[in-house]
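Residue numbers begin at 1 in each chain, while the letters A, B, ... track the order of the sequences. Since the model is a prediction, treat every value here as computed from it, not as a measurement.
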Amino acid sequence: MSDPLLRVDDLQVQFFTEDGVVRAVDGISFDVHEGELVGLVGESGAGKSVAVSAIMRLIESPGKIVGGRIEFDGETLVEVETGPDGDPYRTEATMPDGELRERIRGREIAIIFQDPMESLNPVFTVGGQLREFIELNRDFSEREAREEAVSMLREVGIPEPEARYGDYPHQFSGGMRQRVLIAMALACEPSLIIADEPTTALDVTVEAQILDLVEDLQDRYGTSFVWVTHDMGVVAEICDRVNVMYLGEIVEQAPVDDLFYETKHPYTAALLDSVPRPDQTVEELNPIKGVMPEAIDPPSGCRFHTRCPEAREACTTTNPDCREVGFGDPPHRAACIKHDAFDAAYSGSPPLDAAAQQGFDVSLSGGETDD
Amino acid sequence: MSLIRYSTRRVLQAVPVLLGVVAITFALINAAPGNPVDIMLGPSPNQAAVETLKAKYGLDQPIHIRFWKYLVNLVQLDMGRSIYYDAPVTAKIAQRLPATLLLMGSSFAFAIAAAVPLGVVSAQRRNKPTDHLTRVVSLVGVSTPSFWIGLVLILVFSFHLGVLPATNLVMPWAPPSAVAGASTRLGVLVVAGEHLLLPMLSLGTLQMAAITRIERSSMLEVLSDDYVRLARAYGVKERTILRKHAFRNAQLPVITIIGLQLTTAIGGAVLTETVFEINGMGRLIVSSISRQDFPLVMGTTLVFAFVFVVGVILTDISYAYVDPRVSYGDQE
Ligand code: SF4
């Protein structure tokens with residue numbers, strides 16, 4: 001396979017809060033090839049949004065990229081190493097701020113945020129905002145940018161785009177605004193679009209329309225996507241490859257079909273189990289037990305062991321990295337020591353008493369048993 | 001277009017408000033114990049003289065008739081005659097109002113001109129020395145009474161340094177012949193400026209401090225909003241983000257505060273005029289209350305109420321100007 005368009009390598013992002021250091025993203029690696037739609041999935045708080053914000057260095061204080069490298073189209077967007085004094089520093093290879101802003105942000109990589117209601121500035125017209133970003137990122141004159149904005153609005157299915165151009169965001173519905181934001185991203189003709197839970201705030205029918213629209217546009221423009229979501233249904237519908245995140249780490253990485261049909265990580269399995277499917281009755285639905293622990297104080301060993309139905313003693317001591325566990329190309333990776341690739345004495349280890357591990361969560365769910 | 005419709009509606013809505021103000025003031029003054037006739041005639045007056053005076057000022061009629069007459073006259077800009085000065089109330093107000101408007105106007109202008117850039121810079125350099133300094137200054141500013149600032153300013157600049165006058169105001173539009181120490185138009189402006197500086201600072205500091213604080217926190221809030229993050233993600237320069245994407249939105253709470261500050265400014269004007277011996281509306285209202293000069297109290301109160309209502313309308317209209325959502329309902 002050719003070189004990836006985006007390569008994230010051992011990325012670490014930490015937030016230096018008053019309560020201590022939060023390891024929001026703790027050494028994740030993934031890549032995105034040209035024309036690919038790569039999913040980043042996990043519960044809220046898993047660090048997905050932080051991870052994608054880091055790509056364009058949009059992490060705000062008190063957050064900081066403290067390690068790893070992000071390469072885009074052969075250029076190093078950021079590379080952070082730890083100095084002899086233990087403090088992380090940006091290496092020479094890191095692209096300077098001004099260059100990143102002018103050459104990468106908007107031009108090469110565009111982003112769509114989760115909440116379409118908050119993403120547009122309420123005091124400017126929709127068209128004006130669209131025009132500004134197009135003008136800036138495609139070196140268009142004001143008139144050209146305006147024409148492009150109108151045609152892009154038409155492209156994403158806004159009726160009467162000329163008339164709507166001068167409207168303010170509050171005159172658009174949520175779904176329409178998200179279309180505007182998609183238009184904004186596409187109009188700048190980037191090679192990569194980061195979509196940070198773009199359909200989460202929308203209702204299901206609108207979500208379906210937006211997903212169709214994105215698939216259609218992606219076919220025509222060939223843009224690559226990183227798609228952040230917590231919804232396995234969305235993953236199944238649009239992603240080519242998937243990264244499953246849990247507590248700042250990627251626990252499974254696979255092509256979408258392998259992920260669904262040859263699930264290798266208990267967390268992914270649990271996520272899939274919790275999604276309603278036509279072939280399951282509601283009684284068979286199996287929500288994941290407990291809540292995800294706080295990233296400020298992650299469990300020892302495998303971070304999932306407090307909720308993992310397959311956890312054993314050995315899981316509390318080793319924190320598995322994400323290793324190749326299946327055959328195939330693109331590779332199937334998982335971070336679970338039950339696989340042979342880990343050689344971690346899992347099979348000989350006694351099972352953990354899951355009930356004791358979960359503490360009060362079990363007592364909340366009353367008479368249910370765990371097996 | 002919707003902005004014009006909105007503004008018109010807002011102005012029309014002010015009419016019943018003003019009517020209410022007139023009614024309440026009228027009722028309050030009549031409910032207060034004592035009346036001007038007693039004061040004029042001293043203790044144990046002659047009954048006939050009382051009747052004559054009451055008839056002269058219309059005080060012998062029932063209250064609703066008096067109120068109605070007052071309204072009818074008011075519409076014709078007649079507020080009756082001051083008992084103490086024995087002159088039309090409107091004439092007295094016309095004489096005193098310019099000084100107060102000049103004082104309030106200039107202190108607001110000073111407050112806004114200083115506070116907006118200070119607040120923005122402070123937000124931009126959050127937790128840096130500039131920010132800390134601004135925050136200390138504005139904290140001191142909001143917690144120091146304006147009359148005290150006035151006294152200190154007088155002490156320093158008039159008494160010790162002797163560089164600025166401590167009393168009176170000179171109207172910048174006064175003819176040179178009427179102003180001591182000025183022979184030209186420019187000279188009048190200079191003298192007027194010198195007189196205005198200390199009262200303006202003493203009245204404006206509180207507003208300045210309050211607006212700075214709001215400007216800072218409002219900018220900080222807007223700077224972390226999604227649409228600002230989006231602009232950043234699309235490669236917009238920080239300067240442009242500050243100037244264009246964040247500034248306008250951040251002014252909404254600032255406008256509200258400026259409107260509210262108008263009330264404190266009216267109170268502050270009374271004190272400032274007293275400290276600096278300025279013959280303005282503030283002192284007029286205080287002295288006419290102690291003299292129970294009913295028509296004058298009514299007149300001055302109404303003018304202050306009017307100034308306040310105009311201020312509120314201006315606040316609302318600027319709000320609608322900045323935020324298109326406000327006047328949205330007023331579209332065809
Ligand atoms: S390593 Fe152990 S605890 Fe972690 S997912 Fe695998 S089985 Fe579960």
Side-chain angles (χ1 to χ4, degrees), chain A residues 49 52-53 55-62 97-126 128-130 132-139 166-171 177 180-181 184-185 187-188 190 193-194 196 201, chain B residues 1-3 5-6 122-128 131 215 218-256 316-332:
Chain A
S49 289
V52 291
S53 300
I55 296 173
M56 277 200 279
R57 305 210 317 241
L58 292 170
I59 305 278
E60 277 158 39
S61 161
D97 285 343
E99 200 182 332
L100 181 86
R101 189 184 64 230
E102 268 163 34
R103 282 190 30 227
I104 303 295
R105 288 184 183 170
R107 264 174 211 255
E108 289 295 337
I109 309 179
I111 196 162
I112 302 169
F113 287 136
Q114 167 167 3
D115 193 346
M117 296 302 188
E118 303 291 326
S119 296
L120 290 167
N121 193 327
V123 308
F124 296 116
T125 62
V126 164
Q129 299 182 51
L130 204 51
E132 182 189 358
F133 292 162
I134 296 174
E135 213 180 310
L136 185 68
N137 288 312
R138 288 186 57 189
D139 302 319
D167 280 354
Y168 287 94
H170 66 268
Q171 292 162 287
R177 290 192 212 191
V180 170
L181 291 161
M184 194 177 269
C188 296
I193 293 179
I194 296 169
D196 189 358
Chain B
M1 271 347 262
S2 60
L3 186 61
R5 286 172 63 89
Y6 176 81
S122 190
Q124 187 192 7
R125 315 237 165 104
R126 182 183 197 176
N127 292 334
K128 302 227 171 85
D131 182 29
E215 181 75 57
S218 167
M219 270 312 265
L220 280 180
E221 201 183 308
V222 171
L223 282 174
S224 63
D225 273 348
D226 271 358
Y227 49 82
V228 166
R229 288 172 53 220
L230 195 75
R232 203 170 279 137
Y234 274 91
V236 180
K237 287 200 187 78
E238 277 311 305
R239 279 226 335 265
T240 317
I241 287 182
L242 214 57
R243 223 188 51 232
K244 180 175 172 193
H245 296 259
F247 184 74
R248 192 161 161 184
N249 305 63
Q251 297 325 299
L252 293 173
V254 177
I255 292 170
T256 311
D316 284 356
I317 293 177
S318 359
Y319 211 96
Y321 173 74
V322 171
D323 189 342
R325 283 168 297 187
V326 174
S327 60
Y328 178 51
D330 277 295
Q331 235 159 14
E332 287 291 319

(request) Tell me, for B/Val222 versus chain A, whether the close heavy atoms (under 4.5 Å) come from the side chain, the backbone, both or neither. (result) neither
(request) Please confirm whether the backbone N or O of A/Ala185 pairs with a side-chain atom of B/Tyr234, one donor and one acceptor, at under 3.5 Å? (result) yes
(request) Can you sort out the partners of B/Val322 under side chain to side chain contact (heavy atoms under 4.5 Å, CB included), two or more places apart, ordered by chain and number? (result) B/Arg248, B/Leu252, B/Ile255
(request) Quick one: which of B/Val228, B/Asp323, B/Leu230 has the most heavy-atom pairs under 4.5 Å with chain A, could you say? (result) B/Leu230
(request) Identify which part of A/Gln129 has an atom lying under 4.5 Å from any heavy atom of chain B, answering side chain, backbone, both or neither. (result) neither
(request) Could you tell me which of A/Phe133, A/Phe124, A/Tyr168 has the largest number of non-hydrogen atom pairs under 4.5 Å with chain B? (result) A/Phe133
(message) Please list all pairs meeting side chain to side chain donor-acceptor pair (under 3.5 Å) that have one or both residues in residues 108-123 of chain A, counting only residues at least two apart or in different chains.
(response) A/Glu108-A/Ser191, A/Asn121-B/Asn249
(request) Say whether, by atom type as modelled, one donor and one acceptor occur between the side chain of A/Arg105 and the main chain of A/Met56 under 3.5 angstrom. (result) yes
(request) Counting only heavy atoms closer than 4.5 Å, note whether A/Met117 contacts chain B via side chain, backbone, both or neither. (result) neither
(message) Strictly distance-based, threshold 3.5 Å: is any side-chain N or O of A/Arg107 a donor or acceptor partner for the main-chain N or O of A/Leu136?
(response) yes
(request) Would you mind checking which part of A/Ile194 comes under 4.5 Å of any heavy atom in chain B, side chain (CB onward), backbone (N, CA, C, O), both or neither? (result) neither
(message) Quick check: closest heavy atoms across B/Pro253 and B/Ser218, and the distance to 0.1 Å?
(response) CG-OG, 3.4 Å
(request) Select one option (side chain, backbone, both, neither) describing which atoms of A/Ile111 are under 4.5 Å from chain B's heavy atoms. (result) both
